[in-house]
Amino acid sequence: AAMAKLILLWLKCVILYNAVGAVFEDQVGKFDWRQQYVGKVRFSHFDTHVQSSKKVLVATENNVFAALNTRTGELFWRHVDKSGPEGNIDALLHHGQDAILVVGNGRLLRSWDVNVGGLNWEIVLDSGSFQKACLVGQQGTVKNVAVLKKNIISLHYLSNGHQKWIENLPESETVDYQTVYSGGNGEVYALGIVPHSHVVIIAYSTDDGEIIKQISVEAPWLSNIVASCAVIGQGVLICVDSATPSLYMCDLHLDTHDLQMTQIPLQSLGLEVAPDFQPVLVSHQPNSAHQPLSEFFLQLGPDNFLLLQLNNGQIVTLRDFKPVRNLFSILACPGIAVACSINLFSAETGRRLLDTTLIFVMDPNGGKPEKIYIQPFLKKDDSVGYRAMVQTEDHTLTFIQQPGRVMWTREEALSDVVTMEMVDLPLTGTQAELEGEFGKKADGLMSMVFKRLSSQLILLQAWIAHLWKLFYDARKPRSQVKNEVTIENLSRDEFNLQKMMVMVTASGKLFGIDSKTGSILWRHYLEDVPSNAAFKLMVQRTTAHFPHPPQCTLLIKDQDTGLTTLHVFNPIFGKKSHVNPPALPQPILQSFLLPLMDQDYAKVLLLVDDQYKVSAFPSTKNVLQQLQEMASSIFFYLVDSSQGRLSGYRLRTDLSTEQIWEVVIPMEIQRIVSVKGKRPNEHVHSQGRVMGDRSVLYKYLNPNLLAVVTESTDTHQERSFVGIILIDGVTGRIIHEAVQRKARGPVHVVHSENWVVYEYWSTKSRRNEFSVIELYEGMELYNSTVFSSLDRPHAPQVLQQSYIFPSAISTMEATLTEKGITSRHLLIGLPSGGILSLPKMFLDPRRPEIVSEQSREENLIPYAPELMIRTEWFINYNQSISRVRGIHTSPSGLESTCLVVAYGLDIYQTRVYPSKQFDVLKDDYDYMLISSVLLALFFATMISKRLAEVKLLNRAWR
Amino acid sequence: MWHRERIPLLLAFVQSVLVVGWCFTEMEAGPGAAMSTQTNGDRFKIEGRAIVPGVKTQDWVSTARVLVDGEEHVGFLRTDGSFAVNDVPSGSYVVEVVTPTYRFDPVRVDITSKGKMRYARLVNYIKTSEVIRQPYPLQIRSSGPHSYFMKRETWGWTDFLMNPMVMMMVLPLLIIVLLPKVVNTNDPEMRKEMEQSMNMLNPNPELPDVSELMTKLFSGSKGSSKAGSSSKGTRPAAKRR
């Protein structure tokens, strides 16, 4: 018996080992891909200290600091800091091999080695809100960095970050110190202002922080130094005033105490300010060890720039740029143009340099250009060449080389994907033709035969064409054969493994990405999307209804006003649909797709406004009629988390609503964190579980079940708790309620089939814990044919178990397959960047503490408090994904295969096989072996037959 | 009839409608709002050093990060492998060095409210009070590269031969081939002995042979009209074999 037990145990180990899917090394990159992003660029510098350097440094609004390859646009390295204001990058200074970052509102000062991508040093600065930082040079070399805060100024060594000196700024309560300047002559200037009164100029000695001089200059017209002043040339502060309108100048180096600002009326220069425009001054300091250039820009109108020069105290106009978009280098956009041209001008003379025009063709589906970064270089013949990196409103980076060749583009909007869907690709023309044949009404035997023959002929033709292409490609060298996917040759593959990923980003740009290769097939930038918009993407019509085009609807909701707009588009081509969505004047509370379809096979979208009135889209007569018939069986729920109220409604035939239940969760004690229903496209294959004694435990499969997660308002670690309430969404009946004491969020929930898995932080034991709730009907089913919330008298049996998880988690989702036969896995995004595929069988409340014969029969794993993280279970091996925000799972045509897309800062697409590939031959299937064995057997039979014949013949002769 | 069809349909609708209704308000209450950090309390620093034996630091530091309690606090590695996570309030934390290539064990670090007594210990989630002291500043040594991949089953002759199925096939074959050579079948004594042992194996000679039984079973449906002659019918078939 002991032996038998051992064998059983061994068998189970084998089963467990096999059940867990992992990646084989040769599968790397075969069906998975990763794209890495950095986010919207805030600061950028070209690495110029080595002539041959190919790096451009970018610091972004997503708190990422990275180096990009200027030839390919790929990442050299990337450092992802904490998200939120604590990782916010305030300033980027670049000198030689070092890049200095000010992080977290002046909390940290970091220096990075640009070549290696490693940290040189990091120091904590004194508290105080950050104003400005600048490099300080002396005698032609830069050795220090100055940091100006609200009330202090400090100087640090570039080599190790150590503080050289720190000084309190005088009168910092009244004076607003805004900027710091160094001209490389051993002095650091802090410029402050008392608005509408005077400017304070303090010069510190670089060596010891001693105040060399302190001057205040009358400037009653000035309110902000940063906006309207600049330091140019040999330390001349120049300001612009729109009221007079005139320029004011004063020399910082003059040592008089009664310093005055000299006024130069703009009229005397023959200039005029555009009405209602605040003029802007821009200066440029190419090397911080030296003075800034004496040439500067003055912007007088939305598209009116002037290049001015300060020459011996006189201001000279060098050039007037009329149709101009941007600064430093000029991006000229004549009117509303499709293409922009970039020209390079000499700063000294204002003349346009020859052969420096660069045409930048704008994407009609993209945004307008916003910023431009120029990398000039000297060509071999000493003429000036340059490359340009253009940033557009839709966060796209385009790198252009003369004369307008696009080297690469980076769609940085994809660093902030909000929601996505995977849409089946359409059938090819021939496939559709075949499908269409079955759809049409029969019109006579002969014509049917002819139709069949013709479609077969078309198929044959397509096959021959395919063979020919294969043959043709085989003759070409391997490198030339490129199976480029374009919108035109998109078609569904035989197992429906290739799909269109429709991704919605926070910036309002939509993307269509081929799931097989990751190439962006279409992009569409939605202008005037509010910055705080919430998005919801719905597939109204799939590709299954040829010839009707597929249709997706994107709901864009302004979270402040609740006003909503709809964008209807074709998910395969990205084009806006001809269908006009209804205008929605009222704020929308809830929206949902009904399984009803109109005569064009588009699912009906219902929108509930704040008057609890319901409107339908599409709202044809047919739809309204169907709605009237169905109204009594359409229920929906609303969540008001600010009031702690959950309420259920029912539709009336006149499309008004009536409330049928309400659950109020007391706001003083706990608040609703999230409400999770089940996914509508989920299938459950088996109704129950077979127990060890061959009886069946039936699952409680209520499709209307909602999991409501609450957190306590009291965050004290002894009293905080996490609650989970299971509510039937139709009747409002509370099915189950569980409370996890001494726990707090963030809570991650997955709700599927008959189980809810959630994760929380246990404050008592300081660890992350998983808990699983499973619901069972019992040993017999009440009504096995159909489920109705209104007729289910028995409360389900509830089983629950909790486990320790040895890591924090970022997000969680369950795998999803076509028919639900395949066992389920949980996909868990970890902060380390891995995506763990954890079999659901580890989270099973029936895991026994004491192993019995029956539990062994059922294949239950004995209970162990700690769940393991095995790196073999990482579906993305070493392709870590930063800041995973969501995981999207989608079934494929193969039951064994589930398509997975994880998105966050990066995007990763792969396939998972939770029960291994049981319905297709494995990709390591040994065709050679099987065919050689067959051949060998064949020959063996031939030979033995011959031998047998010879033997028989011999015997007959004997 | 129409009604009967409709009821399950209706119920199906009830099923799906609710599930589709996914609330918009849910988005507003993000889970991120749960954490509150004190900004006025004292902040401390966790220091340490990560070592990958036998690998130059330049080769891996650019992909590494130090995570304190998930992503609550983030630190970066210096070019020499040392790190410092600044701005950490007092408490107990799990410090982890994360790289895609090398594995580091997490360490728990406790910082008292005065920030003075900080000590490090191995992470034990089950017995949370157990303390196994670790040096501080932390010395985190990599325990080797991550193993992400499963080994493919490779095909070899030895695997094939040692397979129990193959063994089961090959051994009887050997016996069949070799036994007649070893044992002289012409010896009458031997033959007698073998016949005896055969009888032992098949104690009841009246019982029909298994193969005959099978053929009877399959041809039974056809040959039931000619009952009794079935055994005759199977003979030629057996012979042909």
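Within every chain, numbering begins at 1; the chains are lettered A, B, ... in the order of the sequence lines, protein sequences first and strands thereafter. Note that these values count all heavy atoms, side chains included, but never hydrogens, waters or copies made by symmetry.
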Locate the shortest heavy-atom distance separating [X] from [Y]; write the atom from each residue and the value.
{"X": "N878(A)", "Y": "P100(B)", "answer": "O-CB, 3.4 Å"}
{"X": "V74(B)", "Y": "V80(A)", "answer": "CG1-O, 4.0 Å"}
{"X": "R65(B)", "Y": "P831(A)", "answer": "NH2-O, 3.7 Å"}
{"X": "H146(B)", "Y": "T871(A)", "answer": "ND1-CG2, 3.3 Å"}

Which of [options] touches chain B most, by non-hydrogen pairs under 4.5 Å:
{"options": "E866(A), R883(A), M538(A), Q879(A)", "result": "E866(A)"}
{"options": "V124(A), D81(A), D113(A)", "result": "D81(A)"}
{"options": "S880(A), S832(A), A808(A), G834(A)", "result": "S832(A)"}
{"options": "W112(A), F874(A), W761(A)", "result": "W112(A)"}
{"options": "P806(A), G117(A), G833(A)", "result": "P806(A)"}

List for me each residue that meets side chain to side chain donor-acceptor pair (under 3.5 Å) alongside R141(B), sequence neighbours excluded, and say none if there are none.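 Counting only residues at least two positions away or on another chain, R141(B) forms no side chain to side chain donor-acceptor pair (under 3.5 Å).
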Contacts of type side chain to side chain donor-acceptor pair (under 3.5 Å), residue R49(B), not counting sequence neighbours: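 Partners of R49(B) by the side chain to side chain donor-acceptor pair (under 3.5 Å) criterion come out as none, since no residue qualifies.
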Pick whichever of S82(B), S147(B), G70(B) has the most heavy-atom pairs under 4.5 Å with chain A.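 Max contact count across the listed options: S147(B).
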Taking D69(B), V98(B), L77(B), T79(B) one by one, which has the highest count of heavy-atom pairs under 4.5 Å against chain A?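 Heavy-atom pairs under 4.5 Å are most numerous for T79(B).
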Heavy-atom side-chain contact between [X] and [Y] under 4.5 Å:
{"X": "R110(A)", "Y": "F76(B)", "value": "yes"}
{"X": "H73(B)", "Y": "K82(A)", "value": "yes"}
{"X": "V28(A)", "Y": "F149(B)", "value": "yes"}

Quick one: CD1 on I123(A) to NZ on K45(B), what's the gap to the nearest 0.5 Å?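 Between atom CD1 of I123(A) and atom NZ of K45(B) there are 9.5 Å.
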Which bit of Q27(A) comes within less than 4.5 Å of chain B, counting heavy atoms only: side chain, backbone, both or neither?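 Interface part for Q27(A): side chain.
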Contact list for residues 82-102 of chain B, test salt bridge (Lys or Arg N to Asp or Glu O under 4.0 Å), sequence neighbours left out: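 Sorted pair list: R107(A)-D87(B).
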On the 0 to 90° scale, with breaks at 30° and 60°, tag the Y148(B)-Y877(A) ring pair as parallel, tilted or perpendicular.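 Perpendicular: the ring planes of Y148(B) and Y877(A) meet at over 60°.
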So which bits of residues 53-64 of chain B come within less than 4.5 Å of chain A, counting non-hydrogen atoms only?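 Within residues 53-64 of chain B, near chain A: Q58(B), V61(B), S62(B).
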